[in-house]
Number of protein chains: 2
Amino acid sequence: MATIKDIAEIAKVSRTTVSRVINDTGYVSDDARERVLQAIKRTGYIPSEYAKSLRTKQTKVIGVILPKISTETVSRMVSGITEELSHYGYQVLLANTNLDPVLEIDYLKLLKARQVDGIILVATNVSDALIKEIHKLTIPFAVLGQEIPGVTSIHYDDYQAAYDITRHVIKKGHTSIGFIGVPEADQAVGYERKRAFIQAMRDHALPLNEHWIQEAKFDIDSGNEAIKRMFESRDKLAPTAVIAVTDRLAIGAMQYLKERGLSIPHDIGITGMGNSELSRYVTPPLTTIHYHYKTAGEEVARIILDKIDGKNNDEKKSALSYRLIERDSL
Amino acid sequence: MATIKDIAEIAKVSRTTVSRVINDTGYVSDDARERVLQAIKRTGYIPSEYAKSLRTKQTKVIGVILPKISTETVSRMVSGITEELSHYGYQVLLANTNLDPVLEIDYLKLLKARQVDGIILVATNVSDALIKEIHKLTIPFAVLGQEIPGVTSIHYDDYQAAYDITRHVIKKGHTSIGFIGVPEADQAVGYERKRAFIQAMRDHALPLNEHWIQEAKFDIDSGNEAIKRMFESRDKLAPTAVIAVTDRLAIGAMQYLKERGLSIPHDIGITGMGNSELSRYVTPPLTTIHYHYKTAGEEVARIILDKIDGKNNDEKKSALSYRLIERDSL
DNA sequence: CTGGAATATGGAATCGATTTCACATCACAG
DNA sequence: CTGTGATGTGAAATCGATTCCATATTCCAG
């Protein structure tokens, strides 16, 4: 690999002048510029980003920490992030934690060592240890998907969305409504959505049957098992509609209902949340909430860039919009 | 941010000794080591990766160029790559080209400037310009998903897989078989799979109807339109089975067939390729080919690491296994 | 008790860029 | 013709680490 020194020698100028040509700063005679440009072309010289970063303290890299890349939600967010950042010459250093909370903190340190210009955390569960570590950070930082006190974050209005969909189900005439949630450690999906469901039911003076409120993990099978528990509870009563906090959960539940010979939405209605691609192509298509994941990625990228530029350095919250998508499952 | 110089001053030793403690090399007295460790803890010092890389010529970063992150195939591959690399302390710098061939080459240069230790290209269409650029590369390089002459690559045995599924359809008793492909610029999915289909038909002395061989793009709607063209050809004949080169194409086709009131697989059978999550949950579930995408990611990561270690520096091809998954759509 | 190996430490060069500063030349206004 | 601002260039410091080499001390074998 050629270095700036080689170019300088070939072009018979100093390294300083080569640097001036590359960065288009200061005064350079046409003659010198031409010789440098020729030398660069001949050697295929590319300036080392590492040496540059060492000197300028700018890396043009944003670290992105994510829980698991191979989910639709996350990959759409990342897609938005990379697209937006690339417009400004920034690149993304990925850190995939695979849902391991220890790795989350490790990666935070690793990214610090790489002196990335900013860090975006795509969050699901947020441990106290992580929050502590985040507050120690001195570089621009933002969270996507959850709300963390004192930290800039883009999150979905999970409460309102879940409230809306519950009200929608009620408006359709249902009074016996089941709920499939996830552990409350996930603030947004687990806690907020459940709280909204319960509140909406109370606000409409509808009864809450404890057997009808089930907790599952994030996968499809888990949704299947959760609704099974609902139907096999001793009191032999079953809801006429079920709200699942994710599409996959809803789809798992639909499997069970079909196996049991129940017709959707005739015998029982069901709704999901997330508008995954899956939700559009199952039979019947799933009524769900559409979140603008990619837009959220773009948004958080812009916020980080603003912070790097020194604008907008204070904490900021923003909730992204959603919309209810009515299909045939309810 | 504290630097090695600060630590040296606090611990009253030279920078050399601090470096020795950090990297656990050479001789350091227990006393000195203790003071350095204390200083590091007190200041929260993290060595700069940039400075280190500049000196050692090792970045511990692998560049990954991909066409589009938000597809299941790619995100599963990336998941395999990051997981495997993280075991060896490597990180991934992502370059998302969003299917822009110009960006592919730009990113290749960008990654070179960052002096990544190796580059993995997840490929769909491979232009000649790109191949030329690849051959100029001096750092470890591997391709995932396509075969490029003279370049280490992991690819799927697309020809054999497509041949197998065609034979499978024929064995089920079908003789009038349609095909939905993609442009042949995509060597693996477009060219090889089509070639295999045609060969299998010939080998079984079955007729090829030109109206029944359609070309589509990669999305679901495109599959819908392709089969529509098949059914609306003037000769009024329709195949009794259709092979689509991707699951999404197959799913688009299924939509059309359902709208037309045809029963799958009774009136017409259909198959996809890829075993996307979608394929399992559509109705009826899709017969398809399962590829081990994540395993492929792990495999290519290991190959790159071997190359970095100097082992296995020569060109290498390897084809990953697949298996036919029979479901109810055929 | 002496010489070589093992232990311990630091000075200084180095990696490849940017940036500050000093200096040289030139043009032109007054 | 002289002073001043614009133009052009390079020497040297700098960023934050690693590493080679020199040097100092200690230890033990012969």
Side-chain angles (χ1 to χ4, degrees), chain A residues 1-37 39-40 43-61 89 109-117 138-139, chain B residues 1-37 39-40 43-61 89 109-117 138-139:
Chain A
M1 274 292 278
T3 70
I4 199 172
K5 206 176 144 212
D6 301 329
I7 303 298
E9 276 165 17
I10 296 174
K12 301 201 191 310
V13 295
S14 70
R15 278 141 58 213
T16 312
T17 302
V18 176
S19 177
R20 287 206 185 90
V21 172
I22 296 170
N23 299 299
D24 213 11
T25 57
Y27 297 111
V28 181
S29 65
D30 290 348
D31 183 43
R33 163 170 292 114
E34 192 48 41
R35 291 203 313 275
V36 169
L37 256 21
I40 290 177
T43 55
Y45 163 72
I46 302 177
S48 154
E49 286 292 328
Y50 283 86
K52 196 187 292 191
S53 297
L54 182 59
R55 187 67 231 250
T56 61
K57 309 273 164 216
Q58 257 230 356
T59 59
K60 289 270 179 181
V61 171
K109 290 188 185 153
L110 239 142
L111 292 176
K112 231 159 96 184
R114 294 211 179 274
Q115 278 155 252
V116 293
D117 292 343
T138 52
I139 51 178
Chain B
M1 273 290 280
T3 72
I4 198 171
K5 204 175 145 217
D6 301 329
I7 303 299
E9 275 164 18
I10 296 174
K12 300 197 190 312
V13 295
S14 70
R15 277 139 63 212
T16 311
T17 302
V18 176
S19 176
R20 288 203 185 91
V21 172
I22 295 169
N23 298 298
D24 213 11
T25 58
Y27 297 111
V28 181
S29 66
D30 291 347
D31 184 42
R33 163 169 293 112
E34 192 48 42
R35 290 204 313 275
V36 169
L37 257 21
I40 290 178
T43 55
Y45 164 70
I46 301 178
S48 154
E49 286 291 329
Y50 283 86
K52 196 188 290 191
S53 298
L54 181 59
R55 185 68 229 250
T56 62
K57 310 276 165 214
Q58 259 229 355
T59 58
K60 288 271 180 179
V61 172
K109 290 187 186 153
L110 238 141
L111 292 176
K112 230 158 96 185
R114 295 211 178 272
Q115 278 156 252
V116 293
D117 292 342
T138 52
I139 51 178

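No experiment lies behind these values; they were computed from the predicted model shown. Reminder, nothing fancy here: chain letters follow the sequence lines and each chain counts from 1. Values reported hereafter were calculated over all heavy atoms of this structure, with side chains retained and with hydrogens, waters and symmetry mates removed.
By the side chain to side chain contact (heavy atoms under 4.5 Å, CB included) test, B/I22 pairs with B/V18, B/I40, B/Y45, B/P47, sequence neighbours left out. The side chain to side chain donor-acceptor pair (under 3.5 Å) search around A/D30 returns none, not counting sequence neighbours. Evaluation of the side chain to side chain contact (heavy atoms under 4.5 Å, CB included) rule for B/I139 yields B/V116, B/I119, B/L137 as partners, not counting sequence neighbours. Residues that satisfy the side chain to side chain donor-acceptor pair (under 3.5 Å) test with B/T59, not counting sequence neighbours, are B/D117. Under the side chain to side chain donor-acceptor pair (under 3.5 Å) criterion, A/S48 pairs with B/Q115, not counting sequence neighbours. When the side chain to side chain donor-acceptor pair (under 3.5 Å) test is applied to A/Q58, no partner is found at least two apart in sequence or on another chain.
With rounding to whole Å, B/Q58 atom CD is found 10 Å from D/dT19 atom P. Rounding to whole angstrom units, CZ of residue A/R114 and C1' of D/dA17 are separated by 14 Å. Rounded to a whole Å, the CD1 atom of B/I4 is 16 Å from the C1' atom of D/dT14. Rounded to whole Å, the distance from CG on B/D24 to P on D/dT18 is 13 Å. Taking atom CD1 on A/I22 and atom P on C/dT19, their separation rounds to 12 Å, with Å as the unit.
Summary of helix geometry: the two end axes of the helix from C/dC1-D/dG30 to C/dG30-D/dC1, each defined by five base pairs via their C1' atoms, are inclined to each other by 50° (rounded to 10°).
Among the heavy atoms of the strands lying under 4.0 Å from A/S48 are primed sugar atoms or P, OP1, OP2 only; no base atom is included.
Inter-residue side-chain proximity for B/V36 and B/V13 is flagged as met; some heavy-atom pair is nearer than 4.5 Å. Inter-residue side-chain proximity for B/E49 and B/V61 is flagged as unmet; no heavy-atom pair is nearer than 4.5 Å.
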Notebook entry, point to check: Could you write nucleotides 6-15 of chain C as a row of B, S and -, 5' to 3', where a protein heavy atom under 4.0 Å of any base atom gives B, of only sugar-phosphate atoms gives S, and otherwise -?
Noted result: SBBBBBBBBB
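Side-chain N/O atoms of B/Y45 include one lying less than 4.0 angstrom from OP1 or OP2 on D/dA17. The shortest distance between the side-chain N/O atoms of B/T56 and the OP1/OP2 oxygens of D/dT18 is not below 4.0 Å.
Pairs engaging residues 13-27 of chain B under the salt bridge (Lys or Arg N to Asp or Glu O under 4.0 Å) rule: B/D24-B/R33 [sequence neighbours left out].
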